Number of protein chains: 2
Amino acid sequence: MRSYGQYCAAAKALDVIGDRWTLLIVRELLARGACRYTDLRDGLPGIATNLLADRLRQLEEAGVVSREEAPPPIATALFRLTLRGEELRAVIDELVRWGIPFMVDGPNGDAFRAHWFVLPAELALTDRAPQRPPVTIEVRTGDAPLLIETVDGSVRARQGAAEDADAVVTGTPHVVAGLLSGRLALDDAVALGLDCEGDVRALRRVLPRSPA
Amino acid sequence: MRSYGQYCAAAKALDVIGDRWTLLIVRELLARGACRYTDLRDGLPGIATNLLADRLRQLEEAGVVSREEAPPPIATALFRLTLRGEELRAVIDELVRWGIPFMVDGPNGDAFRAHWFVLPAELALTDRAPQRPPVTIEVRTGDAPLLIETVDGSVRARQGAAEDADAVVTGTPHVVAGLLSGRLALDDAVALGLDCEGDVRALRRVLPRSPA
DNA sequence: CAGCATCCGCTTTGATACTG
DNA sequence: CAGTATCAAAGCGGATGCTG
């Protein structure tokens, strides 16, 4: 990116992460952890492959991302956030918070990946019974299952399935977005087609009080 | 901006504020309040005038900025953030926080406007003696004076001069940045050319404990 | 002078094809 | 799998001109 040439902290930050696609690459690495090139490309539908390569090089140069060449047998490189890159979580979190209202409309032809709900889920959900034994909830929406777990009073989300989830909810991205963000109460989500199996109390324990 | 076409809160947010210059326009309105077109242009050195007009129109359409036509005698329009626009403060704040380390190098040919220190100052300074009577500090650096005031235990900053400031500090943007961010202790800043007149205790009351 | 709109050359991006 | 190469289209930057 061309530098703004301004002695201003915000402008300097944008000199590094203000390019198109750059913050979405950071989003991918925050939501999924270390990724291969192909994982990134799959999580960033629409990006041109040369742009992905360019951006990764710039981010590496800026000290935001590190490229980790795996040993010969594996023969695949891993990209991960450096400490400096992890510090962008606060920026992305606020961006996500600001962007959540736009999710009300639902995806109208938009691409969707389930792990895009990881960051908003961690922002919106809370463990309201931290003294009770931890619970695991599996969310099935879009291309892959999502796991939501209570850990030490906070809520962690990640891609993956569980064999012994306390509850399993299944629904369209639109309804799941409404549920996780607190826009929809559980009953309303069910009325809109959400399927909820297992221990509903485990679910209610972490859902935000709606309407948010 | 072309939409990313992703059903993701961060991507949706960037669809609106991810264009080049857009967040810097928001920075201007956050740091200075309502601005005329010409004020914005002056606070955004390097922007092409047509881009400023374009961005303002997009931001207005997105409900982030409102254009207020002043009554006939004044004949000048004012741009201000809407409530939705004000909510971007959290995003800009995190961006500023992340960008502050880049200020260590000093402006190497970068443009500078004193009001660019308003947001970082409010982020970094705290009133450590809220029970005592409020103080006012004038900071002279760059193109215009800056006022820093304690209000109800917090610290507000804005453009402007005071007739009766408790303290007046004068220095280069580089040294002032170091002082405000806590990278430089007051003594070190003075050794680097900072001039400090008046009640030094008023200053120490709000400065971050260095090294930050 | 404030607030743009137009034009033009350059850079960045997007889509696709191709390679080690 | 992990990119590079190519090229058209879009966006940006700078200059200038227009209008109340």
Side-chain angles (χ1 to χ4, degrees), chain A residues 1-6 11 14-25 28-29 32 34-62 65-80 109-111, chain B residues 1-6 11 14-25 28-29 32 34-62 65-80 109-111:
Chain A
M1 158 167 283
R2 258 183 85 90
S3 168
Y4 285 106
Q6 300 186 355
L14 289 173
D15 281 348
V16 175
I17 48 125
D19 262 323
R20 191 160 162 78
W21 291 107
T22 301
L23 274 178
L24 292 187
I25 293 175
E28 286 298 305
L29 294 170
R32 310 214 287 180
C35 285
R36 293 173 304 173
Y37 186 89
T38 332
D39 299 330
L40 288 172
R41 201 178 44 182
D42 178 71
L44 295 162
I47 198 173
T49 67
N50 58 342
L51 273 192
L52 178 54
D54 281 358
R55 296 292 184 266
L56 285 171
R57 217 171 302 136
Q58 294 169 227
L59 285 171
E60 204 185 341
E61 236 173 284
V65 161
S66 72
R67 175 189 315 245
E68 192 177 307
E69 299 290 348
I74 303 194
T76 180
L78 277 184
F79 298 91
R80 67 175 73 241
D110 285 346
Chain B
M1 156 168 285
R2 258 182 85 89
S3 167
Y4 285 107
Q6 300 186 355
L14 289 173
D15 280 348
V16 174
I17 48 130
D19 261 322
R20 192 160 163 78
W21 292 108
T22 302
L23 274 177
L24 293 187
I25 293 174
E28 286 298 304
L29 294 170
R32 309 215 288 181
C35 284
R36 294 174 302 173
Y37 186 88
T38 333
D39 299 329
L40 287 172
R41 202 178 45 183
D42 178 71
L44 296 162
I47 198 174
T49 67
N50 57 339
L51 275 192
L52 179 53
D54 282 357
R55 295 293 184 266
L56 285 171
R57 216 171 303 131
Q58 294 169 225
L59 285 171
E60 204 185 341
E61 236 173 286
V65 161
S66 71
R67 174 190 317 245
E68 192 177 308
E69 299 290 349
I74 303 194
T76 180
L78 276 183
F79 299 90
R80 68 174 73 243
D110 284 345

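Because only heavy atoms are used, hydrogens play no part in the values below, and waters and symmetry mates are left out as well, while side chains stay in. For clarity, every value in this text was computed on a predicted model and none was experimentally measured. The chains referred to below are lettered A, B, ... by the order of the sequence lines, with proteins before strands, and numbering in each begins at 1.
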TODO: Spell out, as yes or no, whether a donor-acceptor pair under 3.5 Å connects the side chain of Arg20(B) to the backbone of Asp19(A).
DONE: no
Task: ring pair (Phe, Tyr, Trp, His ring centres under 6.0 Å) partners for Phe79(B), two or more places apart - done: none
TODO: In whole angstrom, give the distance that lies between atom CG of Leu52(B) and atom P of dT6(C).
DONE: 16 Å
TODO: Take the protein atom CG of Asp42(A) and the nucleotide atom C1' of dG3(D), then report the distance between them rounded to whole Å.
DONE: 16 Å
- [ ] Mind checking the CZ-OG1 spacing from Arg36(B) to Thr76(B)? Nearest 0.5 Å is all I need.
- [x] 5.5 Å
Task: Side chain to side chain, Arg67(A) and Arg80(A), heavy atoms closer than 4.5 Å - done: no
Open item on the list: Using a 4.0 Å heavy-atom cut-off to protein, can you give one letter per nucleotide of nucleotides 8-20 of chain C, 5' to 3': B if the base is in contact, S if only the sugar-phosphate is, - if neither?
Closed with: -----SBBBB---
Open item on the list: Tell me whether Tyr4(A) contacts the main-chain N or O of Leu44(B) through its side chain, where contact means a donor paired with an acceptor under 3.5 Å.
Closed with: no
- [ ] Check the distance between dG3(D)'s P and Ile25(A)'s CD1 and give it to me in whole angstrom.
- [x] 12 Å
TODO: Could you check how far CG of Leu56(A) sits from P of dG3(D), rounded to whole Å?
DONE: 7 Å
Open item on the list: What is the distance, to the nearest angstrom, from the CG atom on Leu78(B) to the C1' atom on dG3(C)?
Closed with: 13 Å
TODO: Please state how far atom CZ in Arg36(B) lies from atom P in dG20(D), giving the value in whole angstrom units.
DONE: 21 Å
- [ ] Mind calculating the distance between CG (Leu44(B)) and P (dG13(D)) to the nearest angstrom?
- [x] 12 Å
- [ ] For dA5(C), take OP1 and OP2 only and decide whether either is under 4.0 Å from a side-chain N or O of Arg57(B).
- [x] yes
Open item on the list: Looking only at the side chain of Ala53(B) (C-beta and beyond, no hydrogens), which of the listed nucleotides dT4(D), dC4(C), dA2(C) gets closest?
Closed with: dC4(C)
Open item on the list: Please report the interatomic distance CZ(Arg55(A)) to CD1(Ile17(A)), rounded to the nearest 0.5 Å.
Closed with: 12.5 Å
